[in-house]
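One structure is given here, and the rest of the page talks about it.
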Amino acid sequence: KRVAILISGRGSNMSALLEAARADDFPGEICLVLSNRPDAKGLETAAAAGIATLAVDHKLYANRGDHEAAIAEALDAARPDIICLAGYMRILGAGFVARYKGRMINIHPSLLPLFPGLHTHERALQAGMRVHGCTVHYVTEVMDGGPIIAQAAISVLADDTPDSLAQRLLHAEHQLYPHALALALNGQVSMADDKVVLHGTSR
Ligand code: GRF
């Protein structure tokens, strides 16, 4: 199975997926890493790992639709079975989401449906949460609202700051995303009618 990854920056989740995909028994291979920002550090990391990379700079396009059409053209040429958003920081239009619905997933740094959107660590601390976490979900037209594939939770410590919480959560993200991607690749989960369907004995 073929996996394309969309990034905008550091790409630490992308790196975790790259690392997981090196295992012989991982049910997929990374066929493309694409960024909307040419200076994304993750592009260098992927290229160094011998993965095909592409920058489709959103600043070079008149509008979101043209930019997304260029991304779709590049994605379709790579023939991915699953598309992973990993720190991809652009809102995706309904047409793009519809085109890849059921085969595009995202990782969000909160226990959705709590804290969709940005600044999730600050908001979790502000809310006095005792646990925080991350979610991998199918992408639908509702931002951070798609059906959930898998989640991981961590404890909030008394002296946590948004940064310490974010750092600790990243480690959980790097475990969760490869696990969730494998479930989607091997058909243990799928999406139908905007709901996740669990097949077999996926946890
Ligand atoms: C992470 O918190 C991830 O959950 C969110 O973007 C942040 C940066 O991710 N999607 P990465 O290091 O670029 O993978």
Side-chain angles (χ1 to χ4, degrees), residues 3-22 26 28 30 32-49 51 53-58 71 80 82-92 96-97 100 104-127 129 131-140 142-157 160-184:
V3 178
I5 305 175
L6 270 60
I7 63 169
S8 295
R10 165 188 54 190
S12 74
N13 275 287
M14 174 212 66
S15 297
L17 295 176
L18 255 52
E19 190 53 35
R22 288 163 54 129
F26 191 79
I30 312 300
L32 175 67
V33 170
L34 189 156
S35 176
N36 63 301
R37 296 191 38 193
D39 60 347
K41 190 88 182 65
L43 288 175
E44 290 169 36
T45 311
I51 307 286
T53 60
L54 186 62
V56 182
D57 186 346
H58 61 275
I71 293 180
I82 296 272
I83 297 157
C84 295
L85 305 181
Y88 187 69
M89 300 313 275
R90 303 274 297 166
I91 307 289
L92 293 168
F96 190 88
V97 168
Y100 299 108
M104 185 158 62
I105 64 179
N106 179 46
I107 188 160
H108 180 77
S110 80
L111 291 173
L112 291 172
L114 287 175
F115 313 125
L118 299 174
H119 311 304
T120 61
H121 317 296
E122 290 88 334
R123 292 156 65 197
L125 288 172
Q126 188 60 38
M129 295 292 290
V131 291
H132 188 34
C134 47
T135 302
V136 178
H137 61 93
Y138 283 103
V139 175
T140 64
V142 179
M143 188 188 75
D144 300 334
I148 292 169
I149 297 171
Q151 294 183 298
I154 61 171
S155 296
V156 177
L157 306 179
D160 260 329
T161 64
D163 280 354
S164 63
L165 196 51
Q167 274 314 311
R168 203 159 64 254
L169 186 60
L170 269 182
H171 293 294
E173 294 178 42
H174 297 163
Q175 303 287 324
L176 182 73
Y177 214 168
H179 166 70
L181 173 58
L183 292 178

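Counting starts at 1 for both ligands and their atoms, following the listed order. Scope of the values below: all heavy atoms of this structure, side chains included, with no hydrogens, waters or symmetry mates. Since this is a predicted model, take the numbers as computed values, not measurements.
With contacts defined as side-chain heavy-atom distances shorter than 4.5 Å, the pair Pro162/Leu165 does not qualify.
The two residues Ile148 and His137 make their nearest non-hydrogen contact at CA-CB, 4.0 Å. When every heavy atom of Gly9 is checked against every heavy atom of Ala40, the shortest pair comes out as O-CB, 3.7 Å. In this structure, His108 and Asp144 approach most closely via the heavy-atom pair CE1-OD2, 3.3 Å.
Among all protein heavy atoms, the one lying closest to atom 14 (O) of ligand 1 is Asn13 N, 2.7 Å. Here the heavy atom of the protein found nearest to atom 6 (O) of ligand 1 is Gly87 CA, 3.6 Å.
Atom 4 (O) of ligand 1 has its nearest heavy-atom neighbour, among His108, Arg10, Glu173, in Glu173.
Residue-ligand proximity: Gly11 is placed with a non-hydrogen atom under 4.0 Å from ligand 1.
Here the CG atom belonging to Leu6 is positioned 13.0 Å from the CE atom belonging to Met89, to the nearest 0.5 angstrom.
Partner of His121 under the side chain to side chain donor-acceptor pair (under 3.5 Å) criterion, out of Arg168, Gln126, His132, Gln167: His132 alone.
Ligand-side atoms of ligand 1 in range of Pro109: 2 (O), 4 (O), range being under 4.0 angstrom from any heavy atom. Those atoms of ligand 1 with a heavy atom of Ser12 less than 4.0 angstrom away are 11 (P), 12 (O), 13 (O), 14 (O). Within the listing of ligand 1, atoms 10 (N) sit less than 4.0 angstrom from a heavy atom of Ile107.
For Met89, no heavy-atom contact with ligand 1 is shorter than 4.0 Å.
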